[in-house]
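Just below is one structure, and these are the notes that go with it.
Being a predicted model, the structure only gives us computed values, none of them experimental. In each ligand, atom 1 is the first atom listed, and ligand 1 is the first ligand listed.
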Amino acid sequence: MQGVIDGVTYEIPQHVAVIMDGNGRWAKKRLMPRGFGHRQGGKALEQACEDIWHLGVKYFTVYAFSTENWKRSVEEVTGIMNILRNYLKTAAERCNRENMRMRVIGDRQVLDADIQSEILRVEEATKANTGLQFTVAINYGGRDEIRRAMTRIAKEVEEGSLRAEEITDQVIAAHLDTWELPDPDLLIRTSGEERISNFLLWQLAYSEFYFTDVLWPDFDRKCFIDAIRYYNSRDRRYGGVKGEKKK
Ligand code: FPP
């Protein structure tokens with residue numbers, strides 16, 4: 001869909017996914033502990049939801065905590081979980097004010113019980129909202145998501161409700177945590193790293209990738225516009241040839 005940003009018409013990506021990287025380095029540059037960077041990252045995320053919606057994006061998915069992030073120190077993991085806890089406390093109210101729907105993807109079963117129930121509460125309270133469709137990946141790993149989907153599909157085959165020949169791309173997508181979301185059009189990774197680190201492995205098959213040196217806490221509206229401008233310079237062909245239609 002097209003949109004006008006600061007007087008210029010752009011093709012606006014429907015779904016933007018972000019790997020919010022660089023919180024630790026942002027804090028280190030200020031001689032502060034890593035947790036300070038994560039707190040600032042959380043604030044940047046709240047602002048990002050507002051900015052991206054006003055830029056015309058409908059779906060926004062962010063990587064907040066990966067299945068690999070448990071390897072970090074107990075102090076850092078606890079700090080990130082507490083940011084999430086605090087965020088969830090006021091999330092339903094804030095989302096409802098903005099008509100925003102919030103979902104969580106990832107394996108939530110190992111999260112603390114209070115976080116799990118808060119997630120359910122926010123998802124339930126915002127499910128009718130038609131504004132920004134905001135998804136947070138927590139204890140999320142792309143391989144883990146595919147493995148969990150495969151287990152469910154295998155069970156359906158075992159039980160006889162699905163035949164092996166019926167397993168199509170659509171059936172697999174429908175068993176992923178993202179079953180309700182379109183695939184991302186644009187993936188942004190901040191802080192200079194150029195890899196996808198187990199994020200949305202299935203869903204990013206045809207997405208455009210935008211890498212920037214900006215650290216996540218500094219990523220603002222102007223940075224999103226730079227990313228959209230980059231997206232507009234790309235020529236998406238989904239494996240076909242531009243201008244050619246199959247006879
Ligand atoms: C990566 O930076 C960032 C994370 C692993 C955590 C991101 C979490 C937040 C922004 C908290 C907000 C979450 C919610 C839902 C409110 P890094 O620590 O790898 O940075 P570095 O590469 O500079 O060390």
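Looking from atom 14 (C) of ligand 1 to the surrounding protein, the closest heavy atom is Leu45 CD2, 3.9 Å. Nearest to atom 12 (C) of ligand 1 among the protein's heavy atoms is Gly42 CA, 3.9 Å. Nearest to atom 6 (C) of ligand 1 among the protein's heavy atoms is Ala64 O, 3.3 Å. Of the protein's non-hydrogen atoms, Asn69 OD1, 3.7 Å is the one closest to atom 5 (C) of ligand 1. Remark: minimum distance from atom 10 (C) of ligand 1 to any protein heavy atom is reached at Asn23 ND2, 3.5 Å. In terms of protein heavy atoms, atom 20 (O) of ligand 1 is closest to Gly24 N, 3.0 Å. Here the heavy atom of the protein found nearest to atom 4 (C) of ligand 1 is His38 CE1, 3.8 Å.
Each of the atoms 1 (C), 2 (O), 3 (C), 10 (C) of ligand 1 lies under 4.0 Å from some heavy atom of Met20. Here is the list of ligand 1 atoms found below 4.0 Å of a heavy atom in Tyr87: 16 (C). Applying the 4.0 Å criterion to heavy atoms of Val136 picks out, from ligand 1, the atoms 15 (C).
Close N/O approach between Trp216 and ligand 1 is not found [any backbone or side-chain N/O within under 3.5 Å]. Looking at ligand 1, you'll find an N or O of Arg25 within less than 3.5 Å of one of its N or O atoms. Polar contact with ligand 1: absent for Trp26 (N/O pair, distance under 3.5 Å).
Across all non-hydrogen atoms, the minimal contact from Asp218 to Cys223 is O-SG, 4.0 Å. The minimum heavy-atom distance linking His38 with Glu76 is given by the pair NE2-OE2, 2.7 Å.
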N/O donor to acceptor pairs below 3.5 angstrom from side-chain atoms of residues 206-213, sequence neighbours left out:
{"from": "Ser207", "atom 1": "OG", "to": "Pro184", "atom 2": "O", "distance (Å)": "2.7"}
{"from": "Glu208", "atom 1": "OE1", "to": "Arg234", "atom 2": "NE", "distance (Å)": "3.1"}
{"from": "Thr212", "atom 1": "OG1", "to": "Val214", "atom 2": "N", "distance (Å)": "3.1"}

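Ring planes of Trp216 and Phe224: perpendicular class, angle over 60° (limits at 30 and 60°).
Counting heavy atoms only, Arg72 comes closest to atom 19 (O) of ligand 1 of the residues Arg34, Met81, Arg72.
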**Item:** Worked verdict on Arg148 versus Asp177 for salt bridge (charged side-chain N to carboxylate O under 4.0 Å, His left out)
**Value:** CA-CA 9 Å; Arg148 286 185 284 108; Asp177 297 351; 2.7 Å; yes
**Prompt:** Run the salt bridge (charged side-chain N to carboxylate O under 4.0 Å, His left out) check on Arg121 and Glu118 step by step: do they pass?
**Reply:** CA-CA 5 Å; Arg121 190 179 67 83; Glu118 280 296 296; 3.0 Å; yes
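Counting heavy atoms from C-beta outward, Leu84 and Phe65 have side chains that stay 4.5 Å or more apart.
One side chain, Glu145 or Tyr140, offers a donor N or O that lies under 3.5 Å from an acceptor on the other.
Counting only residues at least two apart or in different chains, salt bridge (Lys or Arg N to Asp or Glu O under 4.0 Å) contacts with residues 13-24 comprise Asp21-Arg25, Asp21-Arg189.
Here the rule is side-chain contact (heavy atoms from CB on, under 4.5 Å) with Leu55, and of Asp6, Ile225, Ile12 only Ile225 fits it.
Residue contact check for ligand 1: Gly22 places a non-hydrogen atom closer than 4.0 Å to it.
For Leu84, every heavy-atom contact with ligand 1 shorter than 4.0 Å involves the side chain, none the backbone.
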